Amino acid sequence: MAQTPASASVPDEFPHVNFGDPARVATTTVDAAHGATIVTFTTGARLIVKSTRSTPGQVAVIASFGAGRSGVPDHLVHALWATTLMPLGGTTKLSYADLDQWQKISGHPVNVTFVAGVSAFQLQGDAPSSELRTELALLTAYARDPGFGPEMSEKIAMVGPMIATQIEGDPAAEFARAAQHVIVGPRYQELPERADIAATTGKELPDLLKASLAMAADVAVVGDISVEDAIRAMSQTLAAGEHRPTAQRVRALVTPPTPWREPIILEQRGAEGYAWFGEYWRLPDEGGKPRLSLVAAVAAALVEDRLRSEATFTTSPEAPPVVSASKPLELAGGAAFGIAIRIPPSSVTTTRNRIAHIVGELARGPIASEPFKRARLAVTASRTANQSSNAWWARQLTLVLRAPRMAQAIPLESDVTSITPAAVSRFLKTYLLDHRALVFFVDRGNRE
């Protein structure tokens, strides 16, 4: 939080703000598959807790409200980018400067960020385990008493143009924005367009957020904390007070674009002699094929390893090829296998032909043992890192709590070791080989 003067209204003990009577527990169930406990309170709030020792003495929290991006009216979609600045508005009783000064005086190491997710708006934070109640109290204050005053609009007007300039000054970011816009559309793209930033005044935030934040919270708590302590802290904060309405789930859906035979050209400012080029193939949604994500990840690592090994594809050490298998669990129609690579604009045809050759060779098999082992090891290492992250588990368990059918789509770590070269070849043959890709590149306007 920024260093700013405090007003006389700063409380000495913010954690003791009264949010109403503590909530009582209505039901408790155990999710043995994920080592978590699910608690429903009489006020409508829900909690999912997973006790871990991955990061001793620390806890991660995600509080979800409403239907997120999927429930926003069309005329407000342009302002979704500004919701990430919501914490800068403080609350109606305490400005951001007040909260910053309180934190300095009290010494409570708590924090808050805001995320406009596909199916929920989320207040997130991490803190020492001993500060869980304080962290939840801070999130509760933001949810129940959000500050959308004039200074919020002033901050958006100041920060917005800076964000637009930063995106346009980074070729990789501008390419990512272009890919998001084409594949999932403006409602679900995370990097905003300059026109949307310019059209946002800040007055949209109450219409975007107030109704959702007034709903019952769904909270994931993961870390070095007991279930009993998490329930107690939750009952006094986000679950406390009166009964609140439960969010109605809105099905998040995008219609995948039709692949084009020729690249979509999106110009950038300036000139560098290189452009970002990408090919994206549609994948099936995760729900019915939970194992597919791991096979896709190994395939992506294998293709990336092959591209990186060919000097003609590594245009600079700062921008090696990036291959990814993106499968947003909550967003139907948004799954894609993508290859992004920085090349001279004159090399588009050569690059496409080489990618087609590599994909075809791997799809038809057999896949060499050593490259396959490297790819599978890379995915195993990534999953091991995820499994030891409180924040990763909080994100996954948020989905389990709000959409139980998605629980099966969180593969176990041991599943990676069972993937075979033949499974990767089948994946590439089924979803990439002889399938037209969505092809486009972001050009600096200096094509030969």
Side-chain angles (χ1 to χ4, degrees), residues 38 40-41 43-48 61-87 89 112-125 139-140 142-146 148 180-181 183-192 196 200 202-221 234 238-239 242-256 285-287 326-335 394-407 409-410:
I38 299 173
T40 301
F41 294 88
T43 54
R46 295 186 298 178
L47 169 69
I48 186 165
V61 178
I62 297 179
S64 299
F65 304 85
R69 290 175 178 266
S70 61
V72 170
D74 290 342
H75 72 279
L76 292 174
V77 167
H78 73 276
L80 275 166
W81 70 273
T83 59
T84 60
L85 304 178
M86 181 263 195
V112 57
T113 57
F114 190 92
V115 174
V118 168
S119 61
F121 291 118
Q122 296 177 337
L123 288 165
Q124 303 183 2
L139 302 190
T140 307
Y142 268 106
R144 298 192 179 180
D145 191 29
F148 296 126
Q180 290 174 5
H181 188 82
I183 295 170
V184 299
R187 178 179 293 274
Y188 298 108
Q189 74 180 67
E190 296 176 356
L191 297 176
D196 290 336
T200 303
K203 295 179 180 178
E204 303 94 338
L205 290 189
D207 290 337
L208 273 170
L209 301 178
K210 266 196 170 180
S212 292
L213 293 174
M215 293 181 178
D218 288 327
V219 181
V221 173
M234 176 77 174
L238 284 164
E242 62 188 19
H243 186 277
R244 293 175 179 270
T246 302
Q248 295 296 313
R249 183 171 177 81
V250 178
R251 185 167 184 257
L253 171 68
V254 294
T255 302
D285 293 323
E286 188 73 52
S326 173
K327 294 163 297 304
L329 296 180
E330 303 164 275
L331 186 57
R395 290 191 296 272
Q396 305 310 307
L397 295 182
T398 294
L399 296 179
V400 172
L401 183 61
R402 291 174 61 88
R405 66 179 179 80
M406 293 182 182
I410 304 177

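Just so it is clear, the structure is predicted and the values come from calculations on it, not from any experiment. Sequential numbering from 1 along the given sequence is applied to the chain's residues.
- Applying the side-chain contact (heavy atoms from CB on, under 4.5 Å) test to A67 and every residue at least two apart in sequence or in another chain returns S70, V250.
- A 4.5 Å side-chain heavy-atom check between T84 and V115 finds every atom pair outside the cut-off.
- Taking OG1 of T113 as the start and CG of L85 as the end, the distance is 12.0 Å to the nearest 0.5 Å.
- Atom-to-atom distance recorded for H78:NE2 and R187:CZ is 12.5 Å, nearest 0.5 angstrom.
- Within the 4.5 Å cutoff, the side chain of R244 has no heavy atoms near those of the M215 side chain.
- Here the closest non-hydrogen pair linking M234 and A45 is CE-CB, 3.8 Å.
- Side-chain contact between V118 and P328 is absent, with no heavy-atom pair separated by less than 4.5 Å.
- Closest non-hydrogen pair, R402 versus R46, comes out as CA-NH2, 3.9 Å.
- One finds the CD atom of E204 at 10.5 Å from the CG atom of L209 (value rounded to the nearest 0.5 Å).
- Within the model, atoms CD1 of I62 and CG of L123 stand 11.0 Å from one another, a figure rounded to the nearest 0.5 Å.
- Of all heavy-atom pairs between L399 and E330, the closest is CD2-CD, 3.2 Å.
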Discussion item. I'd like to know whether F114 forms a side-chain contact (heavy atoms from CB on, under 4.5 Å) with Q124, so could you lay out the CA-CA distance, the side-chain angles of the two residues, the decisive distance to 0.1 Å, and finally the verdict.
Written reply: CA-CA 6 Å; F114 190 92; Q124 303 183 2; over 6 Å; no
Item to complete: Dump the intermediate steps for side-chain contact (heavy atoms from CB on, under 4.5 Å) on V219 and I48, then the final yes or no.
Response: CA-CA 6 Å; V219 181; I48 186 165; over 6 Å; no
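- Across all their heavy atoms, I183 and V254 have their closest contact at O-CG2, 4.3 Å.
- Residues V72 and F121 have side chains in contact (heavy-atom distance under 4.5 Å, counting atoms from C-beta outward).
- Within the 4.5 Å cutoff, no side-chain heavy atoms of I38 are placed close to those of L47.
- Side-chain atoms of T398 and D218, non-hydrogen and from C-beta on, never get closer than 4.5 Å to each other.
- The nearest pair of heavy atoms linking P186 to R69 is O-NH1, 4.5 Å.
- Note that the OG1 atom of T43 and the NE2 atom of H243 stand 7.0 Å from one another [nearest 0.5 Å].
- L238 places a side-chain heavy atom less than 4.5 Å from the side chain of F65.
- Here the closest heavy-atom approach between residue Y142 and residue P87 is recorded as OH-O, 2.7 Å.
- Atom CG of D196 sits about 12.0 Å away from atom CG of L191, to the nearest 0.5 Å.
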Worksheet item: Between K210 and F148, is a side-chain contact (heavy atoms from CB on, under 4.5 Å) present by the stated rule, with each step listed?
Response: CA-CA 10 Å; K210 266 196 170 180; F148 296 126; 3.7 Å; yes
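- No side-chain heavy atom of W81 sits under 4.5 Å from any side-chain heavy atom of E190.
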